[in-house]
Structure formats: structure tokens, C-alpha cells
Amino acid sequence: MASVVTVERRPTAHLVIRVVMTVLSSVKKQLLLSFLCALLLCLFTGWRDFQANSSPYHTSSRNLTILLWYWPFGRSFTLKSDLCLDLYRIPHCRLVDDRSLFPSADVVVFHHRELVTGRQKLPLDLQRPQGQRWAWMSLEGPVHNGHMHRYANIFNMTITYRRDADITIPYGQRLPKEAEGHLAEEVPLNKSFLVCWVVSNYRSRHKRSKVFKELNATVPVKVYGRWTKARLTSSALLPTISRCYFYLAFENSVAKDYITEKLWRNAYQGGAVPVVLGPPLEDYKAVAPPNSFIHVDDFASITDLGNYLQQLSEDKKHYSEYFNWKHEWKVKLYTDWRERLCNICSQYNSLPQEQVYSDLDAWVKA
Ligand SMILES: *[C@@H]1O[C@H](CO)[C@@H](O)[C@H](O)[C@H]1NC(C)=O
Ligand SMILES: *[C@@H]1O[C@H](CO)[C@@H](O)[C@H](O)[C@H]1NC(C)=O
Ligand SMILES: *[C@@H]1O[C@H](CO)[C@@H](O)[C@H](O)[C@H]1NC(C)=O
Ligand SMILES: *[C@@H]1O[C@H](CO)[C@@H](O)[C@H](O)[C@H]1NC(C)=O
């Protein structure tokens with residue numbers, strides 16, 4: 001990543017040392033003594049202020065202003081006064097979409113899609129206030145982002161689903177359950193189908209289409225969605241998936257950390273065991289509940305995978321082990337842009353002081 005991101009830090013420390021050295025060499029003892037006293041006082045006052053203001057988020061009680069330059073996909077939401085605190089318990093975080101607040105914005109957020117379609121433009125003619133960060137935001141996989149060479153040397157931070165983004169906004173997250181013990185829900189076992197898949201955007205060149213064809217040659221796969229003209233209404237989606245032992249959570253592109261609502265919502269909330277195709281096993285293990293999914297790459301062949309699914313469906317005990325994670329974990333979905341944006345404030349202090357994505361295209365495709 002070092003080759004992609006140019007990080008310039010202000011040489012504050014060096015400057016301070018040089019000043020101290022100069023002072024030391026030029027003043028008499030008395031002056032030196034008073035200087036040291038003053039320094040100690042400064043440090044003490046600074047520490048006290050730091051303590052007084054320390055919150056889990058940022059160390060100044062100043063409100064951060066996050067300016068959303070336009071709403072993703074043109075769908076806006078109300079931004080009432082202290083939304084981040086009221087809805088998400090994130091203090092000192094002002095989320096705004098009023099462009100006149102540009103001069104006071106700490107972060108200005110640009111959603112990628114509208115830049116590509118030309119619906120929106122970057123305000124490159126505006127003078128950026130000192131310290132303001134411009135953020136690039138996208139939830140799409142790299143193949144859908146297009147060429148990004150014209151976005152070199154513009155953005156200071158990335159907001160996306162990747163774990164190595166400055167602000168990570170996953171589609172979902174595992175969280176430890178506070179109350180231990182019993183399964184909140186019974187293991188769903190009223191099943192009519194072995195394997196189900198919901199697909200609207202079918203492309204034979206997608207890796208997932210080849211895997212589907214091979215799997216369907218071994219075991220029956222029930223297919224829903226636009227492709228097979230068996231569309232599901234959004235209210236029918238989860239009840240339909242719950243009728244299946246396994247759900248194919250196949251991503252449309254295979255990219256680092258790209259794990260979408262197909263896993264987090266469709267499979268986990270539908271109560272089917274997800275069979276995943278997407279990034280490597282390690283990426284799933286890092287974020288998904290333990291023993292909650294079956295990874296396609298774990299099998300020598302798709303026939304082996306099909307046989308495994310068949311056997312598992314006939315072994316209720318073994319099958320229900322794929323739901324044991326629910327004793328200790330729950331799954332949280334992220335669907336609201338406002339929540340994602342408020343999260344900038346909770347991570348603001350760990351952002352690098354100065355940072356420019358000199359080659360965003362390379363970073364996105366990494
Ligand atoms: C921060 O914002 C809140 C809510 O809008 C407001 O009540 C508070 O006075 C602001 N604090 C500062 C230091 O501006
Ligand atoms: C199982 O699913 C069927 C629908 O196919 C439904 O009629 C039946 O009530 C369900 N049984 C249980 C125990 O939930
Ligand atoms: C899956 O396989 C079955 C049985 O061979 C076949 O009838 C069906 O058309 C296949 N489904 C798709 C969507 O190709
Ligand atoms: C943000 O990026 C701009 C443009 O490359 C740069 O001039 C500015 O110093 C950066 N600001 C921060 C806070 O990193």
C-alpha cells in the first residue's frame with residue numbers, strides 16, 4: 001500500500017527539537033530554568049485538557065462536520081439535528097448535506113457511482129480549507145467501479161467495505177451476544193429444497209455461473225430471480241430462503257473482502273446455511289461467525305461439494321452444527337448510509353494526519 005498512498009507528515013517534531021536546541025544554546029541558566037518551568041506548565045495544562053476532553057471518539061469536544069456532497073443513488077434521508085448521537089450513540093458528529101457548509105466541513109464525502117455516470121462532479125474549483133479531507137465512498141466491487149485514473153491525487157481517505165479502507169463500511173458484521181445460553185431461534189428444519197439460488201443478473205462469464213451449472217448437474221438447485229423469471233418480492237425473499245437447506249451466497253465478482261448482503265442478510269436471516277463463492281476463505285473467516293458457512297474453494301471439485309451438501313441435509317445433527325454460532329454471535333446488518341457516515345466520526349482520530357491517494361485506481365484494484 002505504501003507505493004500507492006503518499007503520506008506526508010508535517011515535520012512538527014523535528015521543528016520542536018531544533019527550536020529547543022537553539023534556545024538551550026543561547027540562553028543563560030536563569031532563563032533556561034524559567035523556560036523549563038513554562039514547558040512543564042504547558043505539558044501539565046495540555047494533559048489536563050486532554051483528560052477533560054477524552055472521549056472514546058476524538059479528543060476535542062469540537063463537533064466534526066461530515067458533509068455528504070450528494071446522496072448515493074439520489075435517495076436522500078432527513079438529517080435532523082443530532083442524528084449520529086440520537087440514532088447511533090456517536091457524539092460530536094454533525095452529518096450535513098448542505099453544500100454551503102463546505103468551508104467548515106472536516107470531511108467531504110463523494111459517492112463513486114454518480115461520479116462515474118457523470119450525474120455529479122467533484123467541486124475541483126473550490127479552495128479546500130486546511131485539514132479538510134475528501135473521502136471516496138463505494139460499496140461496489142472493483143469491476144463495477146470502471147477506470148479511476150482521473151481520481152489520482154484527489155482523495156484523502158477511502159470509505160468502502162474493505163478491511164484496509166480508512167473507514168470500513170461492511171454489509172454486515174458479527175457481534176458477540178451479550179446474553180449467553182439458549183438458541184434464540186430453533187434450527188430451521190422445515191425444508192422443501194436442498195439448494196436455492198436467487199439470481200437476477202446472470203452472466204455466463206461470471207465464475208458463479210460455471211459453479212452453478214456444475215453444481216446443478218450433481219444436485220438439484222432451485223433457482224429464483226429475474227434470470228429464470230421466478231422473481232421474488234422482497235417480502236417473499238427470506239421466507240423462501242428459509243425453505244432451503246443451503247443458499248448459494250455467490251458474489252457477482254470475486255474481490256478482496258467483497259462479501260455482500262447475499263451472505264449477511266439473505267443466508268443468515270433466511271436461516272439457510274450459506275455456500276459462499278467470493279474472496280478467499282481467510283476473508284470470510286475474518287468477519288463471519290465461526291462454522292457458519294461452506295466455502296466453495298474447500299472442495300476439490302464441485303461434484304464433491306454437491307455430495308457433501310446432500311449428505312449434510314440427511315444428517316440433522318451435523319447440519320444443525322452450522323447454527324451453533326448463534327449461541328455466541330449475532331449478525332448486524334448495515335443498510336443506512338447515515339449510520340455508515342456517522343461511523344467516520346468514531347474512527348476520525350485514527351486517520352493519518354496527511355494522506356493523499358495518489359493512485360486510487362491501483363488501490364481499488366489491489
Ligand atoms: C455540537 O453539536 C451539538 C448538537 O448539534 C450542540 O448542542 C453543541 O453545542 C455543539 N458543540 C459545539 C462545541 O459546537
Ligand atoms: C412447513 O412449511 C410448510 C410450507 O411449505 C407449511 O405449510 C408448514 O406449516 C410448515 N411447518 C412448520 C412446522 O412450520
Ligand atoms: C438444473 O438442472 C435441472 C435438472 O437437470 C434442469 O432441469 C434445470 O433446467 C437446471 N436449471 C437451470 C437453471 O439450468
Ligand atoms: C488532501 O488531499 C489534497 C489534494 O491532494 C492535499 O493537498 C491535502 O493536503 C490533503 N489533506 C489532508 C488532510 O490529507
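Both ligands and their constituent atoms are indexed starting at 1 by order of listing. The first residue of the sequence shown is numbered 1, and numbering continues consecutively from there. FYI, side chains are in, hydrogens and waters are out, and symmetry mates aren't considered; it's all heavy atoms of this structure. Quantities reported herein were computed from a predicted structural model and do not represent experimental measurements.
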Apply the test side-chain contact (heavy atoms from CB on, under 4.5 Å) to residues Trp197 and Tyr224: give CA-CA distance (whole Å), side-chain angles for both, the deciding distance (0.1 Å), then the verdict. CA-CA 6 Å; Trp197 191 29; Tyr224 297 93; over 6 Å; no
Please lay out, stage by stage, how Glu328 and Arg174 fare under the test salt bridge (charged side-chain N to carboxylate O under 4.0 Å, His left out). CA-CA 10 Å; Glu328 285 169 58; Arg174 69 177 173 217; over 6 Å; no
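Judged by the 6.0 Å and 45° rule, Arg133 forms a cation-pi pair with Tyr348.
Using a distance-only test at 3.5 Å, with no hydrogens or angles considered, no donor-acceptor pair links the side chain of Tyr171 to the main chain of Thr335.
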Name each donor-acceptor pair under 3.5 Å that joins a side chain in residues 230-239 to protein atoms two or more places apart or in another chain, with its distance.
| unit_1 | atom_1 | unit_2 | atom_2 | d |
| --- | --- | --- | --- | --- |
| Thr233 | OG1 | Ser235 | OG | 3.4 |
| Thr233 | OG1 | Ala236 | N | 3.2 |

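Of the polar atoms of Arg133, none of the N or O atoms is found under 3.5 Å from an N or O of ligand 4, judged by distance alone.
Electrostatic pairing of Glu114 and Lys121 does not count as a salt bridge here, judged by no charged N lying under 4.0 Å from a carboxylate O. Ion pairing between Glu321 and Lys317 holds under the 4.0 Å rule for side-chain N and carboxylate O. Under 4.0 Å is where a charged nitrogen must lie from a carboxylate oxygen, and between Asp361 and Arg150 no such pair does.
Listed by atom number, the atoms of ligand 4 under 4.0 Å from Glu354 heavy atoms are 9 (O), 11 (N), 12 (C), 14 (O). Near Asn156, the atoms of ligand 4 lying under 4.0 angstrom from a non-hydrogen atom of the residue are 1 (C), 2 (O), 3 (C), 8 (C), 10 (C), 11 (N), 12 (C), 14 (O). Interface of Asn153 with ligand 4, defined as ligand atoms under 4.0 Å from a residue heavy atom, comprises 4 (C), 5 (O). Atoms of ligand 4 found under 4.0 Å from any heavy atom of Arg128, numbered from 1 in the order shown, are 1 (C), 2 (O), 3 (C), 4 (C).
Proximity of Val356 to ligand 4, defined as any heavy-atom pair under 4.0 Å, is confined to the side chain (atoms from C-beta onward). In Gln355, the part holding a heavy atom less than 4.0 Å from any atom of ligand 4 is the backbone. Residue contacts with ligand 4, taken as heavy atom pairs separated by less than 4.0 Å, involve Gln353 solely via the backbone atoms N, CA, C and O.
One finds the CZ atom of Phe77 at 11.0 Å from the CG atom of Leu341 (value rounded to the nearest 0.5 Å).
Judged by distance alone, the side chains of Tyr284 and Asp257 never bring a donor and an acceptor atom under 3.5 Å apart.
Near ligand 3, residues Phe212, Asn216, Trp227 come within 4.0 angstrom through at least one heavy atom.
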